[in-house]
Colleague: 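Sending over a structure as structure tokens; questions will come in a sec.
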Amino acid sequence: IKREGKMSVYCNCVYTMGPCAFSENLESSWANKKYETFLKRRFPRFYQLYHTFVEGFKLLFQDAKEVRRIKAKMYSDGVKFQDLPYREMEKLRQFRRDMIKAVPLVMISLPPFANYLVFVLMYFLPRQLLIPHFWTPRQQVEFRGVYNSLRARHHLPVLKGLEYTSHQVKDSHLQSCLQGSVQSGVNPKVSEILAVRRLFSGPPLGIKRMSVDHMRHISPLLFLTPRLPGFFIGRRLNSHGLELLQLDRALSKLGPHQLSDAELRQACFVRGLNSDCLSINQCREWLSQWLQVSSSLKDSEVSLLLHNMVFLSANYHNGLKWSH
């Protein structure tokens with residue numbers, strides 16, 4: 001009976017599609033396999049590029065389906081973004097960033113024959129034009145290193161800006177605490193960071209009270225362009241900082257120990273740490289320190305969370321050398 005049932009389903013599928021459609025699917029899949037085998041044998045480098053693109057589109061399609069499911073749940077159940085579980089929240093955040101990067105490339109490819117130009121550009125400029133779905137594993141590590149180095153360029157200007165601002169603090173105790181956190185040459189402790197939190201909710205380092213020059217050095221830490229008027233930079237920093245704070249709260253509920261190794265490294269990267277040269281235990285320890293700070297912060301103290309990307313990352317590798 002089971003065999004007859006399976007056979008009837010099979011016949012129904014063939015009848016529904018028609019014998020021509022069924023044979024066309026078989027022929028196309030056979031042709032694709034032959035084509036991939038030919039590329040792999042004769043053009044291995046091009047095959048790797050082709051395979052990466054095919055798998056990338058599959059991953060992108062899966063992410064789009066997952067985002068659609070999350071959005072439908074939010075709409076039907078009345079769930080807000082800040083109430084989502086960590087993985088769903090991170091999926092929406094990353095998908096939105098990927099689409100912002102991908103849409104201009106799609107628009108360029110719309111005119112006739114422009115897709116050939118786009119393909120050439122994507123081949124020579126994968127980091128600038130492609131989203132991570134279309135990077136090879138080697139490129140992912142390489143490009144994260146590039147982004148970390150670009151971000152690290154702004155560590156010293158941010159620290160110098162904090163040192164300059166510390167002279168404007170009238171409270172001598174807060175002034176010495178801030179200078180100690182900036183000038184020590186190693187990562188400050190969680191207690192030392194939280195001791196100056198008051199300076200980051202109002203003047204002189206609150207998100208709406210910072211100087212425009214200082215905000216321009218904070219923006220690249222979040223991969224935001226600093227080439228905007230000060231008003232827009234402040235709004236974008238506040239928006240992205242609150243989003244990161246909500247992510248941290250969801251991650252604290254989940255527990256960092258629930259993350260896979262890849263998720264753990266990505267979480268550290270998003271928060272400013274070059275995690276590719278660290279062990280998993282070191283990443284887990286660093287993320288635990290980060291969450292100790294963020295779990296104590298209010299929405300009005302989001303500026304401290306952004307500066308935490310420098311406090312806990314700028315001298316982290318120096319601290320490891322000293323400890324060894």
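Quantities reported herein were computed from a predicted structural model and do not represent experimental measurements. Worth knowing before you read on, the calculation uses all heavy atoms, side chains too, and leaves out hydrogens, waters and symmetry mates.
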Colleague: Hey, does Ile193 have a side-chain heavy atom less than 4.5 Å from the side chain of Leu312?
Modeller: yes
Colleague: Under a 4.5 Å cut-off applied to non-hydrogen side-chain atoms, are Arg249 and Met89 in contact?
Modeller: no
Colleague: Taking the six-membered ring of Tyr147 as reference, does the cationic atom of Arg127 (NZ for Lys, CZ for Arg) lie under 6.0 Å from its centre and within 45° of its axis?
Modeller: yes
Colleague: Would you compute the distance between atom CG of Asn238 and atom NZ of Lys208 and round it to the nearest 0.5 angstrom?
Modeller: 6.5 Å
Colleague: Do Ser303 and Met210 come close enough that some side-chain heavy atom pair is under 4.5 Å?
Modeller: yes
Colleague: Distance check, rounded to the nearest 0.5 Å: Leu59 atom CG versus Thr52 atom OG1?
Modeller: 10.5 Å
Colleague: Is the closest side-chain donor-acceptor distance between Asn281 and Arg284 under 3.5 Å?
Modeller: no
Colleague: Evaluate the criterion side-chain contact (heavy atoms from CB on, under 4.5 Å) for residue pair Leu304 and Phe311; output intermediate values, then yes/no.
Modeller: CA-CA 9 Å; Leu304 180 56; Phe311 284 144; 3.9 Å; yes
Colleague: So do His214 and Thr165 actually touch side chain to side chain, heavy atoms under 4.5 Å?
Modeller: no
Colleague: For residues Leu159 and Glu163, determine if any side-chain heavy atom of one lies less than 4.5 Å from a side-chain heavy atom of the other.
Modeller: no
Colleague: Work out which heavy atom in Leu84 is nearest to a heavy atom in Glu88; give both atom names and the distance.
Modeller: CD2-OE1, 3.5 Å
Colleague: I'd like to know if the side chain of Asp248 pairs up with that of Trp290 as donor and acceptor (distance under 3.5 Å, no hydrogens or angles considered).
Modeller: yes
Colleague: Check whether any side-chain heavy atom of Leu92 sits under 4.5 Å from a side-chain heavy atom of Met74, and report yes or no.
Modeller: yes
